[in-house]
Amino acid sequence: MKEVVLWTGAGQIGMAIARRIGFGKKLIIGDKNLDNAKATTKIMKEAGFDAMPVETDISSRESILNLIAEGQKYGEITALINAAGVSPSQAPIEVILKVDLYGTAVLLEEVGKVIAPGGVGVTISSQSGHRMPQLGTEIDEQLATTPTEELLNLEVLRPENIKDSLHAYQMAKRCNVKRVMFESIRWGEKEARINSISPGIIVTPLAIDEFNGPRGEFYKNMFAKCPAGRPGTADEVANVAELLMMPHGAFITGSDFLIDGGATASYFYGSLKPTE
C-alpha cells in the first residue's frame with residue numbers, strides 16, 4: 001500500500017505541485033475531461049511517477065466520492081491538490097458557482113473526512129478573491145460555515161445578486177479562502193492541514209487563450225504594470241505549495257497565500273488602481 005495523493009484539475013499548476021510532492025506516492029488524477037487526465041497521467045508516468053486517471057466532476061458530490069474511493073484502493077489518502085475550476089471567460093455564472101464555489105467546498109469537506117493523520121491539502125484560489133470590496137463579518141461567516149448543500153441558497157449568491165461571471169468568480173474565490181479557514185479546524189481534528197494559494201496571472205495554456213481573447217489587453221496591462229512586471233509560472237506557485245505541503249510548513253494551516261507579482265497591491269495603491 002502507498003500514500004495516496006488526490007489531484008483534481010489536470011493542468012500545469014497541479015502538475016508542478018505534484019512533481020514536488022508526489023514522488024513515491026500514488027497519484028490519482030481527476031479531471032472532468034478524461035482525455036486531459038490521461039494525457040497528464042502519461043506525462044507523469046514518463047517522468048517516473050505512479051499515476052492513474054479518473055474522470056471527476058468536482059461539482060458532483062458523487063463524483064468526488066468516487067475519486068476518493070479510487071484512491072483508497074491503493075492506501076491512505078495523505079494529500080490533496082485541488083487545481084480544478086473554471087474561469088470567468090470559460091463559463092456562465094451558474095457553472096462558476098457550482099464548480100468553483102460549491103465543488104471546492106464539497107471536496108474539502110469530503111477529503112477532510114478521510115485524510116490521514118499528518119495529511120495536507122492545498123486548493124488553488126485566485127487573486128480575484130482579493131480584488132472585491134470587503135463583504136463584512138456576517139457574509140464571510142456564511143461563506144465559511146454554511147452547510148455545503150445550502151451554500152448556493154445564500155442571499156448573496158442568488159443569481160439576481162451576481163452582476164456577471166467575473167463577480168461570480170470573485171465570490172467563489174473569496175468563499176474558497178473562508179472555507180479553507182473553516183475546514184482547517186475539522187482537518188486539524190484529524191492532525192491534518194489545509195491551505196489555499198491565490199495566484200495572479202500564471203502562464204498556462206488557459207492563460208495564453210485569455211491573452212489572445214477579448215480580455216487579453218486587460219491581462220497584459222495587469223502584468224506589465226504590476227511590480228514584478230511579468231506573469232508568473234506554475235513552478236513559482238509550486239514553490240509555495242511545496243512549503244505548505246512538506247514538513248517545514250507544519251505550523252501553517254487555514255491560511256491563504258497571494259502570489260501575484262504585486263498586482264493586487266498595484267490595484268489598490270498603484271498604477272492598476274481603477275479610475276472610476
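When a residue number appears, it is its place in the shown sequence, counting from 1.
A salt bridge is defined here as a Lys NZ or Arg NE, NH1 or NH2 lying under 4.0 Å from an Asp or Glu carboxylate O, and E109 with R179 fails to meet this definition. Remark: R186 does not engage E189 in a salt bridge, criterion side-chain N to carboxylate O under 4.0 Å. By the 4.0 Å N-to-carboxylate-O rule, R158 lies too far from E94 to be salt-bridged with it. Contact check on E110 versus R61 returns a salt bridge, with a Lys/Arg side-chain nitrogen under 4.0 Å from an Asp/Glu carboxylate oxygen. Under 4.0 Å is where a charged nitrogen must lie from a carboxylate oxygen, and between D50 and K45 no such pair does. Between E46 and K42 there is a salt bridge, with a side-chain nitrogen of the basic residue lying less than 4.0 Å from a carboxylate oxygen of the acidic one.
Of the possible polar contacts, none joining the D235 side chain to the A238 backbone as a donor-acceptor pair under 3.5 Å is found. A donor-acceptor pair is defined here as one N or O able to donate and one able to accept, closer than 3.5 Å; such a pair exists between the side chain of T56 and the backbone of V54. When atom types are taken as modelled, the side chain of W187 and the backbone of L108 share a donor-acceptor pair closer than 3.5 angstrom. Side-chain atoms of S128 never come within 3.5 Å of backbone atoms of Q170 as a donor-acceptor pair (strictly under, hydrogens ignored). Looking only at distances, a side-chain donor or acceptor of S60 sits under 3.5 Å from a matching main-chain atom of S63. The backbone N or O of H130 sits nowhere less than 3.5 Å from a side-chain atom of T264 that would complete a donor-acceptor pair. No side-chain donor-acceptor contact under 3.5 Å links S196 to the backbone of S125. Between the K178 side chain and the R174 main chain, no donor and acceptor come within less than 3.5 Å of each other.
Between I139 and E155 there is no side-chain heavy-atom pair separated by less than 4.5 Å. The shortest side-chain heavy-atom distance between I259 and V240 falls under the 4.5 Å cut-off. Proximity of S266 to P227: side-chain heavy atoms (C-beta onward) are separated by under 4.5 Å at one or more points. By the 4.5 Å heavy-atom criterion applied to side chains, K26 and M52 are counted as neighbours. Under the 4.5 Å side-chain criterion, counting only non-hydrogen atoms from C-beta, T123 is not in contact with L107. Contact of the I201 side chain with the D260 side chain is not registered, since no non-hydrogen atoms from C-beta on lie closer than 4.5 Å. Put simply, the side chain of K173 reaches to within 4.5 Å of the side chain of N176, judged on heavy atoms. Using a 4.5 Å heavy-atom cutoff, the side chains of I93 and I162 are in contact.
Taking every heavy atom of both residues into account, G71 and V4 meet most closely at O-CG2, 3.3 Å. Across every non-hydrogen atom of D31 and A10, the tightest pair is OD2-N, 2.8 Å. Listed here is the closest heavy atom pair of G103 and I64: O-CD1, 3.9 Å. Residues I58 and V99 share a closest heavy-atom pair of CD1-O, 3.6 Å. In terms of heavy-atom proximity, A91 sits nearest to V86 at CB-CG2, 3.9 Å. Residue N195 comes nearest to S255 through the heavy atom pair OD1-N, 2.9 Å, listed as atom of the first residue, atom of the second, then distance.
To the nearest 0.5 Å, atoms CG (D100) and OG (S126) are separated by 9.0 Å. Distance CD1/I124 to CD1/I81: 9.0 Å, rounded to 0.5 Å. From I194, atom CD1 reaches atom CD1 of I115 across 8.0 Å, with rounding to the nearest 0.5 Å. Once rounded to the nearest 0.5 Å, the distance linking CH2 of W7 with OG1 of T40 reads 5.5 Å. Atom CZ in R131 sits 11.0 Å away from atom OH in Y169 (nearest 0.5 Å). Here the CD1 atom belonging to I29 is positioned 7.5 Å from the CE atom belonging to M15, to the nearest 0.5 angstrom.
S184 and R193 form no side-chain donor-acceptor contact under 3.5 Å, judged by distance and modelled atom types alone. In the model, D57 has a side-chain atom that pairs as donor or acceptor with a side-chain atom of S59 under 3.5 Å. Between the side chains of E3 and T78, at least one donor N or O sits under 3.5 Å from an acceptor N or O.
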* Tell me, with the steps shown, if M171 and L135 meet side chain to side chain contact (heavy atoms under 4.5 Å, CB included). => CA-CA 10 Å; M171 290 297 297; L135 298 172; 4.0 Å; yes
* To do: For the pair D256 and S198, evaluate side-chain hydrogen bond (donor to acceptor under 3.5 Å, both in side chains) and give the outcome as yes or no after the intermediate values.
  => CA-CA 7 Å; D256 178 68; S198 291; 2.8 Å; yes
* To do: Kindly determine whether I252 and F257 satisfy side chain to side chain contact (heavy atoms under 4.5 Å, CB included), including the steps that lead there.
  => CA-CA 11 Å; I252 307 171; F257 290 78; 3.6 Å; yes
* To do: Assess whether salt bridge (charged side-chain N to carboxylate O under 4.0 Å, His left out) is satisfied between K190 and E183, documenting all intermediate values.
  => CA-CA 11 Å; K190 307 286 289 287; E183 285 295 345; over 6 Å; no
* **Working for ring-ring contact (aromatic ring centres under 6.0 Å, His included), residues F211 and F223** => CA-CA 11 Å; F211 298 159; F223 67 69; 5.5 Å; yes
* Asked: Passes side-chain hydrogen bond (donor to acceptor under 3.5 Å, both in side chains), Q127 versus Y267? Steps please.
  -> CA-CA 11 Å; Q127 63 177 353; Y267 176 85; over 6 Å; no
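Remark: K163 NZ is loosely packed, at most 12 non-hydrogen atoms of other residues, nucleotides or ligands lying under 6.0 Å away. Counting non-hydrogen atoms of neighbouring residues, nucleotides and ligands closer than 6.0 angstrom, the NZ atom of K38 reaches no more than 12 such neighbours. Heavy-atom contacts from other residues, nucleotides or ligands closer than 6.0 Å to CE of M222 number more than 12. The environment of K32 atom NZ is sparse: at most 12 non-hydrogen atoms of other residues, nucleotides or ligands sit within 6.0 angstrom.
Taking the ring axis of Y74 as reference, the NZ or CZ atom of K2 does not stay both within 45° of it and closer than 6.0 Å to the ring centre.
Under the 4.5 Å side-chain contact rule for hydrophobic residues, M44 and I77 do not share a cluster.
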